[in-house]
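Below is one structure, written out as structure tokens, with a few remarks after it.
In this chain, residues are counted from 1 in sequence order.
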Amino acid sequence: MTMKYPLLLMLLATSAAASAQSPAYDHHEAFAPLFYTSNGNEYRAADGAPGPKYWQNAADYNIDAALDTVNHRITGTVTITYRNNSPQALPFLWLQLDQQHFREDSRGTATIPGGNERFSNKDYTKGFELNTVKIIQGSKQSEANYITTDTRMQVRLAEPLKSGATLQLKIDYAYTIPQYGIDRTSRLKSRNGWVYEIAQWYPRMAVYDDVLGWNNLPYLGGGEFYLEYGDFTYNITAPANMIVAGSGELTNPGQVLSAKEQSRLAAAKSSDKTVFIRDSVAMKSNTATGTRTWRFACKNARDVAWAASAAFIWDAARINLPGNKKALAQSVYIAENAGTGGWGRSTEYVKGCIEHYSEKWYPYTYPVATNVAGMVGGMEYPGIVFCSYRASNGGLWGVTNHEFGHNWFPMIVGSNERKYAWMDEGFNTFINGIATQEFNNGEYYTKSSVQQQAPRMFSKFEEPLMNTPDVIALSYIGTAGYYKPAMGLQVLRNVVLGKDRFDYAFRKYIDAWAFKHPTPYDFFRSIENGSGEDLSWFWRGWFFNNWKLDQGIEKVTYRKDDPSQGSLITIRNYNQLPMPVIISITEANGKTNTIQLPVEIWQRGSTWTIPYASTSKLLKVQLDPEGQLPDLNLKNNTWEEAATGDTTVQK
């Protein structure tokens with residue numbers, strides 16, 4: 001999801017002052033033992049990988065839905081095949097009814113004030129209107145015994161669903177499409193017709209796992225989703241002049257596309273250059289009447305979404321994946337944002353970021369990647385993303401790159417983003433930065449050091465990253481969910497571990513938890529085991545607490561007052577967050593050197609004296625000269641020899 005919050009990012013002076021007033025460094029707290037509260041087990045191993053008896057339940061969906069463009073309604077039937085792979089029998093099931101959020105009496109309405117907040121309702125609907133809910137087991141079909149509580153449905157079973165057993169739920173439902181669907185689903189009136197971005201459009205199974213049992217937090221709008229994996233087949237019946245684009249692969253192109261469109265689509269699948277499937281001329285001349293049914297299939301996914309409009313222009317190109325595999329990048333957008341400066345480059349952006357992520361981290365797993373221009377500013381679903389129709393140039397690259405990065409977190413690595421936004425948004429923001437640096441030789445890349453970014457990470461609104469998104473202040477969730485965790489991974493990669501060790505451990509984590517459900521501790525253990533480092537000090541300071549960094553130079557002296565016999569550089573950790581130390585040294589004879597000290601120098605106290613084999617006077621000593629660490633007080637980072645003689649000064 002794209003971050004669009006007012007973050008109050010201009011608080012450098014406030015942050016620096018707070019740093020100076022902080023209590024003294026406590027090395028016992030920073031390096032306290034017993035970070036992990038439990039040992040590895042047969043479900044989740046101590047090295048951070050799934051254990052030999054890891055399990056997760058599964059849900060397959062078959063959906064038939066119709067779009068009513070007169071009343072802006074969806075009418076559908078969903079059949080869910082639910083498999084209980086847990087070792088326990090389940091006496092009841094929980095489902096998510098996200099459309100209930102848009103009711104006037106919902107918890108989301110009550111807890112997020114109306115107005116211009118991103119997650120506030122701007123109009124109301126009746127939510128899901130459930131007509132029938134039935135249970136099918138074998139040849140038996142019965143009315144379900146169920147209750148709804150805000151955005152959740154509990155189905156109470158007459159007999160518990162045994163371990164290893166399967167049942168089906170068949171639900172007939174309808175709902176009115178909200179025009180402003182808290183930036184996740186919507187409808188936009190363009191000059192050539194409505195654009196529908198349809199998500200959270202069917203009842204979805206909640207996750208039952210070995211950590212919390214049923215994960216059934218009410219959907220309040222801030223936190224996103226945690227879903228089971230399965231296979232989807234779904235059919236969308238819409239007016240015949242519309243283009244429908246959805247998660248997965250279109251399985252009946254011969255029934256919904258003209259011969260020319262089919263030919264162009266085939267050409268796009270073999271082209272690295274963007275090919276029009278339906279251009280603006282064809283869009284405006286389409287006068288088809290009646291309805292058509294578009295059929296899609298999406299395998300091993302946690303969700304599906306789709307979009308429909310008679311106003312869509314459609315183009316596509318080939319995606320080249322590792323192992324000589326291919327996929328299709330495509331974009332559907334409106335005439336208002338066509339052109340080379342806008343959505344005319346969308347498919348190039350889709351292709352570029354997916355090829356990068358596939359090569360760098362893990363191969364893209366869906367046959368198609370679709371970018372949709374509409375009212376939604378930025379939102380991700382498996383194989384399809386919604387991005388603002390107003391975006392252009394670097395802004396369009398940024399939102400496209402971000403939303404498709406989500407196909408790795410949390411579409412492939414299925415973390416619980418309802419509870420841990422940083423495992424979703426933070427990891428994604430981190431990989432987005434690397435992709436931007438590489439795309440088209442850094443076309444949209446602007447260099448910015450960690451040191452420059454640090455003040456906004458530690459504003460007065462800060463909260464621990466481990467907080468549930470729904471309890472983090474709306475003005476700070478962008479930092480807590482996106483930027484600060486991304487910066488943490490950047491520091492780990494560039495300073496603490498180095499790129500080779502970090503990238504190796506991160507890839508191993510992705511590979512181990514692809515299409516599974518990791519916890520934060522699984523991630524922590526994976527990175528530690530893959531890199532060979534005890535990082536409990538880092539997790540404790542960066543994720544569980546709001547510790548800040550302030551490294552400084554206390555003094556510089558010479559052995560026997562003779563620079564040729566060596567120098568002694570004393571540094572101090574003034575605040576609670578420990579970090580490795582990077583020091584650049586310049587001597588009077590022109591010699592320069594940069595040394596790095598491990599974080600362990602802070603294990604026994606707040607000061608450390610470095611013996612340096614100088615051969616002449618030191619002219620300058622500087623901590624972190626390239627700004628790779630989030631030090632909030634730069635006043636004590638540089639020592640220089642005074643021009644007047646032997647007296648030293650600290651800047």
Would you find more than 12 non-hydrogen atoms of other residues, nucleotides or ligands less than 6.0 Å from E159 atom CD? no
Taking only Lys NZ, Arg NE, NH1 and NH2, and the carboxylate oxygens of Asp or Glu, determine whether D503 and R493 approach each other closer than 4.0 Å. yes
Checking S526 side chain against G48 main chain: does a donor-acceptor pair fall under 3.5 Å? yes
Taking the six-membered ring for Trp, are H101 and Y219 parallel (under 30°), tilted (30 to 60°) or perpendicular (over 60°)? tilted
Determine, using ring centers only, whether F544 and F35 are less than 6.0 Å apart. yes
Strictly below 4.0 Å, N to O, side chains only: are R73 and E129 in salt-bridge contact? yes
With sequence neighbours left out, the residues meeting side-chain contact (heavy atoms from CB on, under 4.5 Å) with I136 are Q141, Q168, K170
Is a side-chain donor or acceptor of Q490 paired with a backbone partner of F430 at a separation under 3.5 angstrom? no
Is it true that atom NZ of K508 has more than 12 heavy atoms of other residues, nucleotides or ligands lying nearer than 6.0 Å? no
Could you tell me if the ring centre of F427 sits under 6.0 Å from that of F523? yes
Identify whether NZ of Lys or CZ of Arg in R525 sits under 6.0 Å from the centre of the six-membered ring of Y36 and within 45° of that ring's axis. yes
F409/W422 aromatic ring centres below 6.0 Å: no
Decide if the gap between the ring center of H402 and the ring center of Y482 is smaller than 6.0 angstrom. yes
Test of understanding: with ring-ring contact (aromatic ring centres under 6.0 Å, His included), list the residues that count as partners of W306, not counting sequence neighbours. W201
Test of ring centre spacing under 6.0 Å for W361 and Y357: no
Heavy-atom neighbours of D105 CG exceed 12 at 6.0 Å: yes
Looking only at side chains, do N131 and Y173 share a donor and an acceptor under 3.5 Å apart? no
Checking ring-ring contact (aromatic ring centres under 6.0 Å, His included) against F386, which of Y381, Y196, F404 comes through? Y381
I'd like to know if R540 and E29 make a salt bridge, using a cut-off of under 4.0 Å between side-chain N and carboxylate O. no
Aromatic ring centroids of F515 and Y229 under 6.0 Å? yes
Can D424 and H406 be counted as having a side-chain donor-acceptor contact under 3.5 angstrom? yes
Taking D150 first and then R103, would you say they form a salt bridge - that is, a charged N and a carboxylate O separated by under 4.0 Å? no
Flag side-chain contact, heavy atom, 4.5 Å: W55 against D210: yes
Side-chain donor-acceptor contact under 3.5 Å, T468 with D470: no
So L227 and R204, side chain to side chain contact (heavy atoms under 4.5 Å, CB included) or not? Walk me through it. CA-CA 8 Å; L227 300 163; R204 305 186 294 183; 3.6 Å; yes
Please check: side-chain N/O of R83 versus main-chain N/O of D60, any donor-acceptor pairing under 3.5 Å? no
Are there over 12 heavy-atom neighbours, none belonging to K126, within less than 6.0 Å of that residue's NZ? no
T293 side chain to N235 side chain, donor-acceptor N/O pair below 3.5 angstrom: no
N371 side chain vs A369 backbone, donor-acceptor pair below 3.5 Å: no
Does F506 have its ring centroid less than 6.0 Å away from the ring centroid of Y504? no
Does the pair L167 and L169 meet the rule for a side chain to side chain contact (heavy atoms under 4.5 Å, CB included), with working shown? CA-CA 7 Å; L167 63 70; L169 294 172; 4.0 Å; yes
Does a salt bridge link R302 with E417, judged by any charged N lying under 4.0 Å from a carboxylate O? yes
